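There's a structure below that I have some questions on.
Note: hydrogens, waters and symmetry copies are ignored here, and every other heavy atom, side chains too, is used. Given the structure is predicted, the values throughout are model-derived calculations rather than measurements. Every chain is numbered from 1 and lettered A, B, ... according to where its sequence line falls, protein lines coming before strand lines.
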Protein chains: 2
Amino acid sequence: MVQFSRSLDTSFAALADPTRRDVLLRLARRDASISDLAGAFEMTLTGMKKHVRVLEDAGLVTTEKVGRVRWCRLGPRRLDRENEWIAKYQSMLEARYDRLGEFLERTREDHP
Amino acid sequence: MVQFSRSLDTSFAALADPTRRDVLLRLARRDASISDLAGAFEMTLTGMKKHVRVLEDAGLVTTEKVGRVRWCRLGPRRLDRENEWIAKYQSMLEARYDRLGEFLERTREDHP
DNA sequence: GTAATACTGAACCATATGGTTCAGTTTTCG
DNA sequence: CGAAAACTGAACCATATGGTTCAGTATTAC
């Protein structure tokens, strides 16, 4: 197990569940309570609470208890680092295909 | 459990492990055998084989056995759908903050 | 004051994950 | 042929995940 990048571990793991991805999209529209979310996804309060906890640990959601209601909202993280990781990967891929293209070009010139 | 988007499930889960992310970056530089990868990450062949299998299931890596060596290379998927999901999420966030900005603007106008 | 609402934590369950070892099989090298 | 290399699969292990139920506590509504 590698030690660094723990935040990418937790956020990608958080995104690996379809319920959690949909919770994020729903929270992007409006804040919601645990009850709201549990109702929307036909799940027990306890089950939804766990999902929200995972999103919270990943820094993707913050919550605040007001009276007997726990309100969930997005933040503070915006998936920027995750976006960057994927962009870096894709640019490395492109660079490699470019080198492959060059190689084929050279080969064609060498053996016309 | 939601039923659609199984591919995002498996690819985000594949990205949630730091060893697997590093394997992808390494394969972006050059193809490698299971032994190469196991050696580079100080892991048993069996352990690395499992990681490669996860990446294969997510469509991020393909492998081919040549003689007694199994060669691993990237593809066919490029994380485009994952990139799109994150981009969509971020644009929804931006849209929401824009609406919040508008609201504050209106409020300021109403009560100057 | 009583009842309903909203959450919370513990316990439980089945399955998955990230490793390992061990015992093979297949290929290659000398 | 015999030995080494490269992989493979089964079995095992500890821990995590995605849920549930049940028994609370704290707030709010009537």
Measure from the side-chain N and O atoms of B:R73 to the backbone N and O of B:D31, and report whether any donor-acceptor pair falls under 3.5 Å.
->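 Checked: no pair found.
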In one Ile/Leu/Val/Met/Phe/Trp/Tyr side-chain cluster, 4.5 Å: B:V69, B:V23 |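 As far as the 4.5 Å side-chain criterion goes, B:V23 and B:V69 are not connected within one cluster.
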Between P of C:dT21 and CE of B:M43, the distance in whole Å |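 Atom-to-atom, B:M43 to C:dT21, this comes out as 12 Å.
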Residues from residues 25-32 of chain A sitting under 4.0 Å of DNA chain D, heavy atoms only?
-> none
Indicate whether the side chain of A:S7 and that of A:R81 have a donor and an acceptor atom separated by less than 3.5 Å.
-> yes
Give a yes/no on whether any side-chain N or O of A:H51 is located under 4.0 angstrom from OP1 or OP2 of D:dG19.
-> yes
Atom pair distance, as rounded to whole Å: CD in B:E42 and C1' in C:dG19 | 15 Å
Round to a whole Å and report the spacing from CD1 of B:I34 to P of C:dT25.
->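 B:I34 atom CD1 is separated from C:dT25 atom P by 21 Å.
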Ion pair A:D36/A:R30, N-O distance below 4.0 Å =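 Looking at A:D36 and A:R30, the cut-off is not met.
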Within a reach of under 6.0 Å around NZ of A:K88, are more than 12 heavy atoms found that belong to other residues, nucleotides or ligands?
-> no
Report the end-to-end axis angle of the helix from C:dG1-D:dC30 to C:dG30-D:dC1; each axis comes from five terminal pairs, and the value is rounded to 10°.
->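 The two end axes of the helix from C:dG1-D:dC30 to C:dG30-D:dC1 meet at 20°.
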Whole Å only: how far is the CH2 atom of B:W71 from the P atom of C:dT27?
->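 Result: 17 Å.
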Decide yes or no, distance alone: a donor-acceptor N/O pair under 3.5 angstrom between the base of D:dA5 and the side-chain of B:R68.
-> yes
Using a cut-off of strictly less than 4.0 Å, decide whether A:R70 has a side-chain nitrogen or oxygen near OP1 or OP2 of C:dA6.
->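 Negative; the distance criterion is not met.
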Sidechain-backbone polar pair: B:R78 side chain, A:Y89 backbone, donor-acceptor under 3.5 Å |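 Here the side-chain-to-backbone pair does not exist.
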Rounded to the nearest angstrom, tell me the gap between atom CG in B:D9 and atom P in C:dT17.
-> 11 Å
Toward the 5' end of DNA chain D, by each residue's nearest nucleotide, A:T46 or A:G67 |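 It is A:T46, whose closest nucleotide lies nearer the 5' terminus.
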Considering only heavy side-chain atoms of B:V69, the closest of D:dA6, C:dC7, C:dT8 is D:dA6
CG of B:D17 versus C1' of D:dT15: gap in Å, rounded?
->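 These atoms are roughly 14 Å apart.
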When B:L45 and A:M48 are each assigned the nearest nucleotide of DNA chain D, the 5'-most assignment goes to B:L45
Please name all residues satisfying side chain to side chain donor-acceptor pair (under 3.5 Å) with B:R53, sequence neighbours left out, ordered by chain then number.
-> B:D57
Yes or no on side chain to side chain contact (heavy atoms under 4.5 Å, CB included) for B:C72 and B:E56, after CA distance, side-chain angles and deciding distance?
-> CA-CA 9 Å; B:C72 310; B:E56 238 183 321; over 6 Å; no
When you check the phosphate oxygens OP1 and OP2 of D:dA26, does a side-chain N or O of A:K65 lie under 4.0 Å from one of them?
-> no
Write down the distance between CZ (A:R53) and P (D:dG19), rounded to a whole number of angstrom.
->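 Roughly 17 Å, once rounded to whole Å.
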Would you say the side chain of A:W85 lies within less than 4.5 Å of the side chain of B:L15, judging by non-hydrogen atoms?
-> yes
Closest listed nucleotide, where the reference is the side chain of A:R20 and the choices are D:dT20, C:dT8, D:dG18 | D:dG18
Distance-only, no hydrogens or angles: does the A:R20 side chain make a donor-acceptor pair with backbone N or O of A:A14 under 3.5 Å?
->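 Yes; judged by distance alone, with no hydrogens or angles, the pair exists.
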Presence of donor-acceptor pair under 3.5 Å, side chain of B:K50 and base of C:dG19 | yes
Roughly how many Å is it from CG in B:D57 to P in C:dT17, rounded to a whole number?
->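 About 10 Å, once rounded to whole Å.
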